[in-house]
> 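Sharing a structure with you now.
Everything numeric here is computed off the predicted structure, so don't read it as measured data.
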Amino acid sequence: MKLKNFLYCILIYFFIVTSFLYIFENEFYTVADTKLYKNEKVCLIIVDGLRYDTSLKMPFINEMLNKNNGIHYRAMAETPSISRPGYERILTGSQTYINGITSNLGLKPSITPNLFSACKSNNLKTAACGFYWLKDLYSISIDEGYFYYYNDDKVFYEAEKQIINYSPNFLVVHPMKVDRAGHKFGGKSKEYDEVVYEIDSEIKNLYEVLYKNNYTLIITSDHGHKDKGGHGDSNIKSLEIPIIILSPDLNATNFKDSNNIISQRDIAPTICDLLKIPKTNFMTGHSLIIKWF
């Protein structure tokens, strides 16, 4: 009888503690929900192969920064500074030795909880428009998608269609032509800069649609490019990438100081906070949001 009463007490105690934790977790996100943004949808643009120093010259980005509608970070990728490991670090917030995506070879899917799966777990809609490697990695958790193999000319057009017709809570847009220019002409070339300016113009056009539909826009890259082209190693130009956050509601004092050098892995937990969903246990980066209203 005493044992039975003891077990009942344990069960009641467990119920009280778990209920308290559940209430606390939900109240935390309720507090976090108090008007940092009206936007609770996020568009992430991964400009493949975009160097940090070249991102400083993008006209539309600078226009938004001058209006105090954005914040521009210098961030560091990690080795291997190649695409599939870069996508995985961005979208899972985990280091390569944790997620196991070490190469561009093969069709190994991501098995680490990622932003797409986190959204699905919280009943949010997901979409992606990009190179087919995204589909290889995350197809199970992407609700709507447009994937290309050779030509990314339609990727922004398809992203606009996704926003208007589907209104995903989390959208990834992934153009490749900057990376192709880096490989062909080098990251310090006039041709590379010209393609970056083209992307800047396409981002500007997409932003008009994002703004009307209450999205926060984050722009980043999987890796940079060496002056003579190429990446993959620890060359500083391969590792330096931008993280840019744009929103008319943005208040820079609520974010980590842009003078700080940050990590590529900080993107995923930041997006979780913007979407008001819990972070996964695999995220080793840190949210850039440091203060809530």
> Apply salt bridge (Lys or Arg N to Asp or Glu O under 4.0 Å) to D153 and list each qualifying residue two or more places apart in sequence or on a separate chain.
none
> How far apart are the C-alpha atoms of K41 and S167, what are their side-chain angles, what is the distance that settles it, and do they pass the side chain to side chain donor-acceptor pair (under 3.5 Å) test?
CA-CA 9 Å; K41 292 182 285 187; S167 189; 3.2 Å; yes
> Taking NZ, NE, NH1 and NH2 as the nitrogens, is one of them in D48 or R180 under 4.0 Å from a carboxylate oxygen of the other?
no
> Please verify the inter-ring angle class for H225 with Y192; under 30° counts as parallel, over 60° as perpendicular, anything in between as tilted.
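If you compare the ring of H225 with that of Y192, the planes turn out perpendicular.
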> Go through the structure and list residues passing side chain to side chain contact (heavy atoms under 4.5 Å, CB included) with S234, not counting sequence neighbours.
T79, L239
> Among R51, K237, K188, find the one that has a side chain to side chain donor-acceptor pair (under 3.5 Å) with D227.
R51
> Students often mix this up, so state it plainly: with edges at 30° and 60°, are the rings of H174 and Y148 parallel, tilted or perpendicular?
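Answer is parallel, since the angle falls under 30°.
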> Report yes if some heavy atom in the side chain of M283 is under 4.5 Å from a heavy atom in the side chain of L115; otherwise report no.
yes
> Distance to the ring centre below 6.0 angstrom and angle to the axis at most 45 degrees; does that hold for K125 and Y166?
yes
> Can you tell me if CG on N281 sees more than 12 non-hydrogen neighbours from other groups inside 6.0 Å?
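For N281, atom CG is not crowded (no more than 12 foreign heavy atoms under 6.0 Å).
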> Does any non-hydrogen side-chain atom of L105 lie less than 4.5 Å from one of R84?
no
> Please determine if K212 and E208 form a salt bridge, counting it only when a charged side-chain N lies under 4.0 Å from a carboxylate O.
no
> Fit a plane to each ring of H72 and Y52, take the angle between them on a 0 to 90° scale, and name the class: parallel (under 30°), tilted (30 to 60°) or perpendicular (over 60°).
perpendicular
> Looking at R89 and Q264, would you say the former's side chain and the latter's main chain have a donor-acceptor pair under 3.5 Å?
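Here the side-chain-to-backbone pair does not exist.
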> Identify which one of Y150, Y149, F147 satisfies the ring-ring contact (aromatic ring centres under 6.0 Å, His included) criterion when paired with Y132.
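When Y150, Y149, F147 are each tested with Y132, the ring-ring contact (aromatic ring centres under 6.0 Å, His included) holds only for Y149.
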> Just one of S141, S139, S121 clears the side chain to side chain contact (heavy atoms under 4.5 Å, CB included) bar with F116, so which one?
S141
> Examine the side chains of N104 and S83 and answer whether a donor and an acceptor come within less than 3.5 Å of each other.
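Short answer, no.
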> Is the backbone N or O of P59 less than 3.5 Å from a side-chain atom of N62, with the two atoms forming a donor-acceptor pair by type?
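It does not hold such a pair.
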> Between K177 and E202, does any side-chain N to carboxylate O distance fall below 4.0 Å?
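Result for this pair is yes, salt bridge flagged.
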